[in-house]
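What follows is a short report on a single structure.
Order of the sequence lines sets the chain letters (A, B, ...), proteins ahead of strands, with each chain counted from 1. Just so you know, these numbers use all the heavy atoms, side chains as well, and skip hydrogens, waters and symmetry mates.
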Amino acid sequence: MNNVAHENEQIGWSREEMAQRCAQDIEDGSYVNLGIGIPEKVAQYVPEGREVIYHTENGLLGMGNAPTDEELDPDLINAGKKPVTAVPGASYFHHGDSFAMIRGNHIDVCVLGAMQVSEKGDLANWSTGAPDAIPAVGGAMDLVAGVKTIYIITQHTTKTGAAKILPECSFPLTGRGVVNRIYSDLCVIDVTVSGLKLIELAPSVSFDYVQERTDVVLTNASNMSV
Amino acid sequence: MNNVAHENEQIGWSREEMAQRCAQDIEDGSYVNLGIGIPEKVAQYVPEGREVIYHTENGLLGMGNAPTDEELDPDLINAGKKPVTAVPGASYFHHGDSFAMIRGNHIDVCVLGAMQVSEKGDLANWSTGAPDAIPAVGGAMDLVAGVKTIYIITQHTTKTGAAKILPECSFPLTGRGVVNRIYSDLCVIDVTVSGLKLIELAPSVSFDYVQERTDVVLTNASNMSV
Amino acid sequence: MIDKRVTSCAAAVADIKDGDTVMIGGFGEAGSPIELIHALIDHGAKNLTVVNNNTGSGRVGLAALIENGQVAKMICSYPRTANSLVFPELYRSGKIELELVPQGTLAERIRAGGAGVPAFYTKTSVGTPLAEGKEQRNFDGEDYVMERGLKADFALIKAKQADRYGNLTFNKTARNFAPIMAMAANKTLVQSNEMVELGDIEPENVVTPGIFVNSIVEVQSPQQESKLVKEGVVYP
Amino acid sequence: MIDKRVTSCAAAVADIKDGDTVMIGGFGEAGSPIELIHALIDHGAKNLTVVNNNTGSGRVGLAALIENGQVAKMICSYPRTANSLVFPELYRSGKIELELVPQGTLAERIRAGGAGVPAFYTKTSVGTPLAEGKEQRNFDGEDYVMERGLKADFALIKAKQADRYGNLTFNKTARNFAPIMAMAANKTLVQSNEMVELGDIEPENVVTPGIFVNSIVEVQSPQQESKLVKEGVVYP
């Protein structure tokens, strides 16, 4: 337990840094769908010189920044129902066509949040299964089933310190075996056929520190020493 | 056999008259798809004052007349691949959407030719089943399966005098139980749950004359005496 | 002559009956046909099954229709929103039924209903609780769920421009579910910001061809749901 | 930077391999990407499965591709036309395979392939020889046939306008199969009459969004198939 000293400190990546780290992996020319919350921030950090086209499932390809007061149009919103703009070269289409893009494997990358991720890449991010909750799924199940690459941005553990990366999700699944990579506040983990592989650690975070907070045995493929 | 005297005469309706008779039954405001051949002629005879919108399955609603030389555009054709025009209020769409209109029961009337029609309204109009023929079906099967009302315009018998209205079609079917009404050169016949009902005779054609040339027992619901 | 224009929202919704299935366009407030919904509240048809991505916000539009006790069942993907006051309470007290459908499956079911496709297969929801009780099938090594096409008695949608044939265009992301709902409903009722002459909409740019439209009412300055919600407006 | 423009038809078709499935847009000559087809003839890929509504006419375009022995199988709805010289002979001599599909089923299979739907049900062809060997199923008292989604390695289509993102518009009924083929192919190759700047195509009027397009070559004055056929032109 050589990390006890860190327990009450702010260590690892901030929310902004997680988005920034993820953004490094968004390739030039990608078609990208960003979920609500931290994933939305990824767009700000895509490195200069890369041209990325953002899809929002309510019918727009080529989503731009938030509007100025003059640009604001309540008929131009994103999947989170926030006002957005459209870039030159954008296109509008109906929901049937929009989800044909998703279901038909045309979107390259989707970045989403998570409640739990399993060793096999199962994702739970829509419901805690609580009996009194109003169930609401939106487009999450379609996105994870249809988009080529699924990136997850999430705190490594819950607010109470419980592991979110688990042998099996206890919450209802969003999709089975769908996650490709996890960006947590502590590290970057790839989901591979041979299990979860830690490929990068946040500054001053050790492999053991991450392993302690993960309910699944990780392979260490990072360059940092243990 | 009181009709023997007619055998070698031109009796009954001409091709133009068959189209004209059918056109009387095209209601104001209908969405109509006309097959190649005699059915195409129906459009000319729709009574004045009725506004009818023509669909062609290659992606146009609001098909107009044949073009003048100035209007001719090889990119504007009908399902028979003939040049056409578009009326004000027309719309273009892709094949997926065009057949969604057909399959989804949105077109009111389709008028087609026939090789054979059965007592139950089965239609054969795409293949004689000859082993050396190149099979070709086009949109006929989609139209008969999806359009609300199917009208058939056909000579009552083949060129050799064989019946085309039969207990069962011997040719491969286009659709099963799909025909609503037959306009032949001799009469108009409705396909009903209780069999084929002759509802109108061409001038100077008798019910017996028609019955002789029909391999199915007809009910006489015409106003003409037998 | 074909003239699908009607003079009021009340006239447009007059034929909706108790027990009907009604698809209502819109994703949040974008594309929500609020004047038609309010006319449906005035009309009073009950025991409706309503198909919409959400359940409305505040106490106007779709939320008001629900609050007014006219909706027996919602078919939707996301019955919560920031200002979702009405649905959660009714749902928790068992006064309204919910069929929860993933958004893309909802869209494809509506499109299938309109295109004469009674059922199709999708990967969406495989392995999740929303696949439970549904037929599953493997094609080429992948698992899929069978989903049924969805049709409706009526669709209520909002357009930007309409002509008397019923050809429609939409404004930006307000298009969302409207074109496919127009296909899936027996009768499609449209409120359009503007009526134009035949031919004013370029035939290449028609989004919903008139064949999918039955009645159009011009509502030049539709109310904006979020503004009404902010002002605390309650309908009726 | 996203720039899908390529400098020649030869460059566009360069990656097509022997044995590939190639969807080719067009209904008769309207929308037929004749320059891309001729480039594919020059390229020489063999043993292709080609999806098109027809089989070409005369001895240019698709007919020439077939005559050149590059097509092992045609998937189409109507393999005969007025000037169908090539296909009938090869078919009768058993040199080319034919999968005959009703036109609307062909369209829907292509749309399903592009939309991630592996199979769907349709009433079309029930009770006919084209339903033989296919799964049938009753929904709500009606019989339906199960049909499979159709995908392709490449689509070759013709557009009216294109920008560097690959957004496309089409001319009149030349649109036909192009938008759905663009969805169903892994790589969609476009010949466009005109290249325009980003934003020149109004976002509301984009017919095929760029996400479905991979390569675009400008062909400002494409040849007209019917004219070549009338002149007795033979390609190559």
Side-chain angles (χ1 to χ4, degrees), chain A residues 56-60 63 73-86 90-105 118 120 122-124 126-127 129 131-147 169 171-178, chain C residues 25 27-31 53-55 57 76-82 84 87-88 91-92 98 100-108 110-112 114-115 122-131 143-144 158 160 170-181 183 207-208 224-227:
Chain A
T56 180
E57 56 264 38
N58 54 318
L60 167 61
M63 180 171 63
D73 181 342
D75 282 347
L76 179 45
I77 58 175
N78 67 12
K81 305 198 174 80
K82 286 192 202 144
V84 294
T85 53
S91 53
Y92 297 106
F93 32 82
H94 64 57
H95 252 80
D97 285 344
S98 186
F99 280 87
M101 288 180 194
I102 292 170
R103 198 185 310 99
N105 279 143
S118 87
K120 287 174 182 140
D122 298 348
L123 173 67
W126 70 285
S127 166
D132 66 331
I134 310 287
V137 66
M141 286 188 184
D142 308 285
L143 285 161
V144 300
V147 173
C169 299
F171 293 155
L173 293 190
T174 309
R176 203 172 60 193
V178 295
Chain C
F27 180 86
E29 70 173 328
N53 189 63
N54 307 106
T55 58
S57 65
C76 72
S77 89
Y78 209 84
R80 290 190 310 242
T81 34
S84 206
F87 180 85
Y91 178 74
R92 287 209 179 88
L98 170 66
L100 189 71
V101 183
Q103 195 174 147
T105 296
L106 183 62
E108 190 67 11
I110 295 167
R111 193 261 171 200
T122 174
K123 263 202 283 189
T124 299
S125 92
V126 168
T128 79
L130 296 191
D143 291 329
Y144 295 87
K158 182 181 175 185
K160 182 182 175 188
F170 302 92
N171 187 38
K172 300 173 183 168
T173 57
R175 184 184 304 196
N176 58 67
F177 285 92
I180 51 177
M181 288 181 169
M183 294 169 66
V207 176
T208 288
Q224 194 182 315
E225 183 182 284
S226 56
K227 201 155 159 282

Practice prompt. Could you look at C/Phe87 and say if it's the side chain, the backbone, both or neither that has a heavy atom under 4.5 Å from chain A?
Written response: side chain
Worksheet item: Out of curiosity, C/Leu100 CG to A/Ile134 CD1, how far, rounded to the nearest 0.5 Å?
Response: 10.5 Å
Discussion item. Applying the side chain to side chain contact (heavy atoms under 4.5 Å, CB included) criterion to A/His94, which one of C/Val207, C/Thr208, C/Asn176, C/Ile180 satisfies it?
Written reply: C/Ile180
Worksheet item: Checking heavy atoms, do the side chain of A/Ile102, its backbone, both or neither come under 4.5 Å from chain C?
Response: neither
Discussion item. On a heavy-atom basis, which atom in A/Gly138 and which in C/Tyr78 lie closest, and how many Å separate them?
Written reply: N-CD1, 3.4 Å
Worksheet entry | Proximity breakdown for C/Leu98 and chain A, heavy-atom pairs closer than 4.5 Å | side chain
Worksheet, complete the sentence: Whatever's closer than 4.5 Å to a heavy atom in chain C on A/Thr174 counts as backbone
Worksheet item: Can you name the closest pair of heavy atoms from C/Pro79 and A/Pro135 and give their distance?
Response: CG-O, 3.0 Å
Worksheet, complete the sentence: Cut-off 4.5 Å, heavy atoms of chain C, and the answer for A/Phe99 is side chain
Fill in: Nearest-0.5 Å distance, CZ of residue C/Arg175 to CG of residue A/Asp97
8.5 Å
Worksheet, complete the sentence: Closest non-hydrogen contact found for A/Asp132 with C/Arg92 is O-NE, 2.8 Å
Worksheet item: Contact part of C/Tyr91 toward chain A, heavy-atom cut-off under 4.5 Å: side chain, backbone, both or neither?
Response: side chain
Fill in: Main-chain N/O of C/Thr173 paired with A/Asn58 side-chain donor or acceptor, under 3.5 Å
no
Worksheet entry | Close side-chain approach of C/Lys172 and A/Ile77, heavy atoms under 4.5 Å | no
Worksheet item: Do A/Thr56 and C/Phe27 have side-chain heavy atoms sitting under 4.5 Å apart?
Response: no
Fill in: Side-chain donor/acceptor of A/Asp142 to backbone N/O of C/Thr105, under 3.5 Å
yes
Discussion item. With chain C as the partner, which of A/Arg176, A/His95, A/Arg103, A/Met141 has the greatest number of non-hydrogen pairs under 4.5 Å?
Written reply: A/His95
Worksheet item: Of the backbone (N, CA, C, O) and the side chain (C-beta and beyond), which part of A/Asp73 lies under 4.5 Å from a heavy atom of chain C, both, or neither?
Response: side chain
Discussion item. I'd like to verify something: which residue of A/Gly59, A/Pro74, A/Ala140 has the highest number of heavy-atom pairs under 4.5 Å with chain C?
Written reply: A/Pro74
